[in-house]
2 protein chains.
Amino acid sequence: MKVSILGCYSATPRTITNPTSQVLEINNQMYLIDCGEGTQVQLRKHKIKFSRINQIFISHLHGDHFFGLIGLISTFSLLNRPNDLHIYGPKGIKDIILLQIKLSKSYTKYNLFFHELESNESELIFEDDKIAVYTIPLKHRVYTNGFLFKEKPGLRRINIDAATEKNIDVCYFNKLKQGSDLKQEDGTVIENETVTFDPLPTQSYAFCSDTVYNEEIIPLIENVDVLYHESTFLEQDIEKCIPTGHSTAIQAATIAKKANVKNLILGHYSTRYSDIDLFKKEADTVFESTFLADDGLVFKF
Amino acid sequence: MKVSILGCYSATPRTITNPTSQVLEINNQMYLIDCGEGTQVQLRKHKIKFSRINQIFISHLHGDHFFGLIGLISTFSLLNRPNDLHIYGPKGIKDIILLQIKLSKSYTKYNLFFHELESNESELIFEDDKIAVYTIPLKHRVYTNGFLFKEKPGLRRINIDAATEKNIDVCYFNKLKQGSDLKQEDGTVIENETVTFDPLPTQSYAFCSDTVYNEEIIPLIENVDVLYHESTFLEQDIEKCIPTGHSTAIQAATIAKKANVKNLILGHYSTRYSDIDLFKKEADTVFESTFLADDGLVFKF
């Protein structure tokens, strides 16, 4: 699992920082999460091939999380993208994009699918044989979702030595990978576990931005491998959290601890702070395995 | 007159180039012309104070000319801009901006005025005591205007030596600056020209992007001090001009020559060319005083 931070600062883009956008690479698939202004240039800087982005998840309709979407869609079109593109985001996102496409007479040649979200309950919004993506309802000033990416268990892995010893033909390997026992011609049964290893452990990633401190999300994100949780403010500015719909680093760390996650990445820093190390310093007092997102960083777990 | 090129490349923003946007500074006022994605960051790089931008002119609704507008409007709001902001652009631009403001619940605290354009004739769209701005109807794939900025003549300038010699009190200077003669108590008249100089010469700037070669604009831009004319293609690709609604460098230079402008700035280069000097080389064969726009350049005339 790899998380490339294209941008992780709140509010306005600046010469040195970018608004929220990140690429999650899991199970060889890439998912773009949020798309602030400038995301397409950040993708280029990260040398991420545009053709590998087929799903985009937008948490909410504040500009620092989606103003780059229309530009990316438009660029995909100019570059003659063939693949379908799926956009998951709050109700209204389709109107915003289609109005601009209509007025600029720039209809995409590829298929563009919108999956508009309006439920306040967690729901399964995307699924294939490798991964399932669920919403994490967040509390912010506008309708907002985080996203939970859960790998599905992979196939069992053949224990080559054991399989060779038992003289198993390769044509049975697929069956073994799927967990079946093997019935041999003489009637004896080779039990699956004797010739296979368990599937690789699955991983999970939870993206939670933007939100106030909200313990209701804990059951949804419990035990995830990596939680990205916004930490817009330091503790000295905690009184700004409720009116603006944001969290402090300590609140993010508290959620991480209570949800028993393995790793926490902080981000969405207010640009009022010049030293983001203070976010880690504060979070460390509550939760051990805390990392600081920063534009250009790539995390591997 | 100062023209700051924030971006001057066509189509998609890249790590090294930006889509169209420029700031014209004339008579101590600043005007933003077009606003591709990333314009707000380019303004910051140029250290142009956001508060000095009170009028924005959008030529047409292709993304590389306006996708940065919503972000700029939103940032102005986050920074608690007090000034009114006036947007001049094609019909539809108001819907695009207001839909996004509505859905993000991010109403601006400052007054936002839209002046939507739909005429196919040149019209006066902005005027104050120092400048007048006219549209230049262009021919492109969608409804497009260029913009002509014409300084109004300033006040006459006092010839201090002559005025002192004639013993004129400073309280009459304003009257003299406005061009009046002075009738003295003894009945004699001091003729204005004997104690004043002509106003400083006025300047004019024409922005023409995007457009096919179109001689109909010549009467509108005749004799301007500076013409910015798009040159998307080199002559080798002239057959692309009509289908895409663009011009070559030689076509831009031909318009400059026929309109007898003083200086030509080329821009809106297709990103297919790695060496933009070729645009100048071609234009030079037709028109002498040609300059190449490039991101970050500032022209003073």
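Each chain gets a letter, A, B and so on, in the order the sequences are listed, and its residues count up from 1. Nothing here was measured: the structure is a model prediction, and the numbers come from that model.
Shortest non-hydrogen contact noted between A:Gly92 and B:Leu103 is O-CD1, 3.5 Å.
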Could you show, one pair per line, the donor-acceptor contacts under 3.5 Å between chain A and chain B?
unit_1: A:Thr12; atom_1: OG1; unit_2: B:Arg44; atom_2: NH2; d: 3.1
unit_1: A:Pro13; atom_1: O; unit_2: B:Arg44; atom_2: NE; d: 3.3
unit_1: A:Glu37; atom_1: OE1; unit_2: B:Gln40; atom_2: NE2; d: 2.9
unit_1: A:Glu37; atom_1: OE2; unit_2: B:Gly38; atom_2: N; d: 2.7
unit_1: A:Gly38; atom_1: N; unit_2: B:Glu37; atom_2: OE2; d: 2.7
unit_1: A:Gln40; atom_1: NE2; unit_2: B:Glu37; atom_2: OE1; d: 2.9
unit_1: A:Arg44; atom_1: NE; unit_2: B:Pro13; atom_2: O; d: 3.3
unit_1: A:Arg44; atom_1: NH2; unit_2: B:Thr12; atom_2: OG1; d: 3.1
unit_1: A:His62; atom_1: NE2; unit_2: B:Ser104; atom_2: O; d: 3.4
unit_1: A:Ser104; atom_1: O; unit_2: B:His62; atom_2: NE2; d: 3.4

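Under the ring-ring contact (aromatic ring centres under 6.0 Å, His included) criterion, A:Phe114 pairs with no residue, sequence neighbours left out.
For the set A:Pro90, A:Gly38, A:Gly36, the count of heavy-atom pairs under 4.5 angstrom toward chain B peaks at A:Gly38. When the candidates A:Pro19, A:Ala11, A:Pro13 are compared by the number of heavy-atom contacts under 4.5 Å with chain B, A:Pro13 comes out ahead.
Note: B:Leu61 CG to A:Ile101 CD1 = 13.5 Å, rounded to the nearest 0.5 Å.
If you measure heavy-atom distances from B:Leu78 to chain A, the contacts under 4.5 Å come from the side chain alone.
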